[in-house]
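Data first, discussion second: the structure below is written as structure tokens.
Just so it is clear: chains get the letters A, B, ... in the order the sequence lines come, proteins before strands, and each one is counted from 1.
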Amino acid sequence: MKNLGLLIVVLVGAVLIYATTDFPPFGDPESPASLHVSPRYLENSLEETAVPNVVTSVLVDYRGLDTMFETTVVFAAGVACFLLLRVPRRRTPAPRQYRHRLTGLTFRIKDGGEISLPLQEFEPMESIWTPHDFIIEKVCCYLIPFIQLFGLFVIAHGHHSPGGGFQGGVILGASIILLSLSHDLRTALKRMGEKTSALFSTFGVLIYAGTGALCLLLGYNFLDYQALDPLLPGGPVMARYHGILLVEVGVGMAVMGTMIWIFRNLASRGRHEEGL
Amino acid sequence: MEEVLRLVVERYNYWIYITLMMIGLYALIAKNNLVKKIVGMNIFQTAVILFYVSIGVKKGATIPIIEHNYDMAHQAIRAADYVNPLPHVLMLTAIVVSVATLGVALAITIMVYHRYLTLEEDEILKQIRES
Amino acid sequence: MSQYYPALLIAIPLLAALFISASGWLRPALCFPLALTALGGSLLVSLGLLSNVIRGIPDVYLFGGWPPPWGIYYRVDHLSALVLAVVSIVGFVNLIAARPAVEKEFPEKAAPFYTLYVLFVTGLLGMVITGDAFNLYVLLEIAAITGYALIALGKGRAPLSSLHYIFMGTIGACFYLLGVGYLYIITGSLNMEDIARLLPPLYESKVVTVAFVILMVGIWLKMGFFPLHAWLPNAYTHAPSPVSSLVAPLMTKVMVYVMIRMVLTVFTVDYAFLVLKLNDAVVWLAVIAIVAGSLLALAEKDVKRMLTFIVVAEVGYMVGGFWLGNRAGFIGAVLHLVNDALMTLCLFLAVGNIVYAKGNSQWDSLPGLFRTMPWTMGALVVGALSIIGVPPTCGFFSKWYLLLGAIQGGHYGFLAALLFSSLVSVVLFFRIFEISYFEPFGASHGPDHGEDGPAGREAPLGMLVPLWMTALGLVLLGLYTGEIVDRVIRHAVPGMML
């Protein structure tokens with residue numbers, strides 16, 4: 001296998017290097033890629049969509065269809081991880097062990113049993129259970145709101161600065177993942193349940209595809225945000241601007257929900273109950 | 001000699017991406033451990049992303065965010081002043097796709113591990129042959 | 001209304017997939033009806049597109065209202081309309097047949113299953129209709145990711161096979177992406193027709209040659225063209241039966257379509273056949289694929305696994321027929337694409353029924369099947385006759401065109417391979433019929449045969465109806481071959497091949 005791999009690699013590499021001799025040099029402003037399609041985006045984006053960040057306007061407006069399917073790919077990955085890994089709940093109810101935080105006593109709960117004492121005083125004990133680190137816990141508690149605020153900023157400011165739905169969505173998702181890392185999966189699940197994250201992911205894509213379908217219903221082409229003019233203030237150009245924002249919010253929701261969803265299924269092998 | 005050197009120096013971005021890509025491809029083919037293969041797959045995808053992003057570079061240009069006044073007054077916008085935004089857009093898509101593939105691949109790896117209790121491919125194949 | 005068809009074709013199943021996913025959490029009983037409505041809707045739309053194309057109404061749809069090289073547009077012509085109809089028919093029919101198996105094998109995961117199922121079909125439909133090279137990549141990945149997940153759902157080796165499929169599929173998709181990047185770097189465009197317009201002055205460039213080679217290798221990897229087929233048999237064998245009867249007929253055929261589309265629309269026939277002159281080499285590769293696929297199929301003792309090798313051989317038929325580079329070969333390849341999708345569907349559905357009743361499709365479980373499952377085996381016979389190429393089933397006609405093409409092109413190696421593979425198919429299927437008809441039931445069974453009962457049982461009606469719809473479709477398609485060639489495929493033949 002090693003020799004075969006080496007052979008293939010050398011062969012493919014040679015073919016690819018053979019082609020580089022006809023490539024335009026690095027950073028050449030006269031290369032065809034810089035002259036044919038892209039100048040129009042740079043020159044007209046501000047006029048046509050009122051969005052100064054050209055990456056955003058190309059991503060969500062000129063080539064909005066790609067981005068819709070891209071969001072769908074993320075969604076599909078979330079559903080795929082769920083389909084493959086998620087263990088249906090309570091198929092084999094196992095006895096669980098809890099530690100009382102204040103006294104250090106441990107309790108064993110039989111199948112289907114419930115604790116009648118206040119639950120926040122207990123923590124679950126499992127094979128990979130590790131004690132919470134006080135400093136990490138508290139630092140993350142204070143950090144997470146700011147991370148989320150920054151995530152919202154990145155989504156909302158995608159028109160004017162680097163950022164947008166994907167980046168903001170990942171930051172928002174990371175904040176919840178940080179919560180499950182610094183505390184444990186259950187704590188994070190209590191803040192944002194599995195159903196919530198799954199529905200976030202679904203409705204995020206639905207906002208995107210729904211906006212496209214709305215344009216269709218209003219008599220324009222699919223994803224032609226100009227159609228939203230009657231519903232939004234500021235004329236057809238600003239309709240595109242606001243349409244892009246709407247879609248970015250959808251993308252952010254979808255990415256956030258899916259990241260959390262995938263992480264949980266991967267981290268706990270679909271059980272959603274172990275310590276991590 | 002000078003010709004060759006110039007060819008390499010002027011187009012070093014392509015050489016870097018090809019090297020990276022071949023490292024990934026080699027890992028994907030020759031490595032025995034499934035997670036190492038997945039890492040190789042990711043390197044492979046990242047190399048393509050690097051290639052695309054390097055297409056967008058223009059010497060002397062800045063990031064593709066148009067400078068504008070508050071009232072959006074018309075100024076002449078010269079396309080040569082801003083880097084090509086299209087490869088960045090395309091690669092945003094490719095990055096997302098590679099993340100999604102990674103997620104699914106890891107999920108399936110977990111299933112494989114759960115079933116065979118190993119990630120070494122030869123051991124898994126041995127188990128399959130024996131059963 | 002009809003000007004919205006291209007958008008509706010994609011929007012209906014995409015929105016429905018989202019609703020299915022949501023209803024899985026809120027109201028699980030709605031999942032299947034939603035999926036059925038969605039695929040039924042896109043089936044109607046694709047038939048509408050086909051009839052539009054036949055009547056000569058051009059369908060170009062600009063997404064976001066942006067004109068071509070800047071925005072993404074969908075374009076329907078004779079070739080894509082035909083393939084769209086096939087994809088949506090197979091997706092729809094197979095969905096009906098999938099329900100009993102889904103309820104038996106993984107009832108609690110029906111919602112995500114149907115979501116991915118519908119998304120898979122959406123991805124394939126998009127790949128066929130799109131006019132943008134990069135958009136095709138994104139849709140390819142949708143189809144691929146959903147396909148990986150659906151295949152990994154099977155028992156036993158399925159996850160490992162699916163993982164191998166991921167590795168090979170990702171290499172294929174990345175090669176495709178790289179090829180598109182090469183085209184982009186020298187033309188500056190991603191739109192297929194725009195690239196075709198800009199390419200002719202650049203034909204001497206090494207970049208175009210390498211782009212063509214990488215694109216083809218990537219696409220061949222994805223379709224399982226012979227030396228690159230290693231992932232295919234395992235992945236299709238171990239997948240759950242409703243998935244293999246979805247993925248096996250569609251994925252390879254759509255990739256063949258993508259290959260044809262790339263050559264016809266992006267590189268143009270002149271470049272592929274006159275400048276590069278690769279056609280002879282590729283036809284020989286196809287010959288090897290056909291012979292190797294047939295021989296490998298002979299060695300198998302599991303019906304489903306045998307079928308996967310037949311798929312490998314059939315890919316050789318289509319690739320070879322197309323690269324013959326003459327009219328008959330082209331018509332044969334496209335017609336075979338249509339026929340083979342339905343033939344493979346018919347066979348995989350029949351095997352799915354056997355697996356449903358018996359638990360597996362090994363030869364051990366075949367004896368007595370003609371008595372216990374007469375309807376399933378009847379349809380299997382029709383499908384087998386079509387693969388072998390017996391008139392009036394459709395398989396005969398496409399093979400006829402392919403043979404004609406081989407004779408006209410003077411390519412006797414391909415001719416011999418076609419005949420050889422037909423003979424092998426005869427052996428393959430008659431062996432199965434022999435075992436399941438003549439071999440006395442129970443002769444090869446031990447005493448531990450209690451669980452599926454000695455009587456055996458026919459598959460439920462929900463699986464038989466779609467199976468027989470497909471089987472009758474094979475005969476009807478055969479009878480109407482002339483119509484299809486005359487009204488649709490003839491118009492898709494590029495001028496150079498006339």
By a 4.5 Å heavy-atom criterion (distance strictly below it), what part of [X] contacts chain A: side chain, backbone, both, or neither?
{"X": "A152(C)", "value": "both"}
{"X": "F120(C)", "value": "neither"}
{"X": "L153(C)", "value": "both"}
{"X": "T146(C)", "value": "side chain"}
{"X": "D194(C)", "value": "side chain"}
{"X": "Y74(C)", "value": "side chain"}
{"X": "L119(C)", "value": "side chain"}
{"X": "P67(C)", "value": "side chain"}

Contact winner vs chain A - [options], heavy-atom pairs under 4.5 Å:
{"options": "P112(C), G65(C), A149(C)", "value": "P112(C)"}
{"options": "A7(C), A17(C), G71(C), S21(C)", "value": "S21(C)"}
{"options": "G126(C), G24(C), P6(C), S205(C)", "value": "S205(C)"}
{"options": "T122(C), L26(C), I145(C), L116(C)", "value": "L116(C)"}

Would T187(C) and H36(A) count as a side-chain contact (heavy atoms from CB on, under 4.5 Å) here? Give the steps.
CA-CA 7 Å; T187(C) 62; H36(A) 179 47; 6.0 Å; no
Among the listed options [options], the residue most often paired with chain C at heavy-atom distances under 4.5 Å:
{"options": "V15(A), L35(A), L16(A)", "value": "L16(A)"}
{"options": "A198(A), C215(A), A77(A)", "value": "A198(A)"}
{"options": "L199(A), D61(A), V73(A)", "value": "D61(A)"}
{"options": "V205(A), T202(A), L83(A)", "value": "L83(A)"}

Nearest 0.5 angstrom please: [X] [atom1] to [Y] [atom2], how far?
{"X": "R63(A)", "Y": "N135(C)", "atom1": "CZ", "atom2": "CG", "result": "7.0 Å"}
{"X": "F69(A)", "Y": "L140(C)", "atom1": "CZ", "atom2": "CG", "result": "13.0 Å"}
{"X": "L65(A)", "Y": "F134(C)", "atom1": "CG", "atom2": "CZ", "result": "12.0 Å"}
{"X": "R86(A)", "Y": "K109(C)", "atom1": "CZ", "atom2": "NZ", "result": "9.0 Å"}

Any [X] side-chain heavy atom under 4.5 Å of [Y] side chain:
{"X": "L206(A)", "Y": "F19(C)", "answer": "yes"}
{"X": "W66(C)", "Y": "D224(A)", "answer": "no"}
{"X": "F222(A)", "Y": "I10(C)", "answer": "no"}
{"X": "K206(C)", "Y": "T21(A)", "answer": "yes"}
{"X": "V37(A)", "Y": "S189(C)", "answer": "yes"}
{"X": "P32(A)", "Y": "I185(C)", "answer": "no"}
{"X": "F75(A)", "Y": "T115(C)", "answer": "yes"}
{"X": "D22(A)", "Y": "V210(C)", "answer": "no"}

May I ask you to check whether W25(C) and F200(A) place their ring centres under 6.0 Å from each other?
no
Verify the ring-centre separation between W70(C) and Y62(A): is it less than 6.0 angstrom?
no
Please report the closest heavy-atom contact between M68(A) and L14(C), naming both atoms and the distance.
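Smallest heavy-atom distance, with atoms named: CE-CD2, 3.4 Å.
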Please work out whether the ring planes of F23(A) and Y182(C) are parallel, tilted or perpendicular, with thresholds of 30° and 60°.
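Perpendicular, since the angle between the ring planes exceeds 60°.
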Tell me, for V58(A) versus chain C, whether the close heavy atoms (under 4.5 Å) come from the side chain, the backbone, both or neither.
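Neither part.
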What part of A213(A) gets within 4.5 angstrom of chain C, counting heavy atoms only: side chain, backbone, both, or neither?
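Looking at A213(A), just its side chain touches chain C.
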Just to verify, what does N221(A) make a side-chain hydrogen bond (donor to acceptor under 3.5 Å, both in side chains) with, not counting sequence neighbours?
none
Across all chains, not counting sequence neighbours, the side-chain hydrogen bond (donor to acceptor under 3.5 Å, both in side chains) partners of E43(A) are none
Residues from residues 162-172 of chain C approaching chain A under 4.5 Å (heavy atoms)
none
Could you list which of residues 245-260 of chain A have a heavy atom closer than 4.5 Å to any heavy atom of chain C, in residue-number order?
none
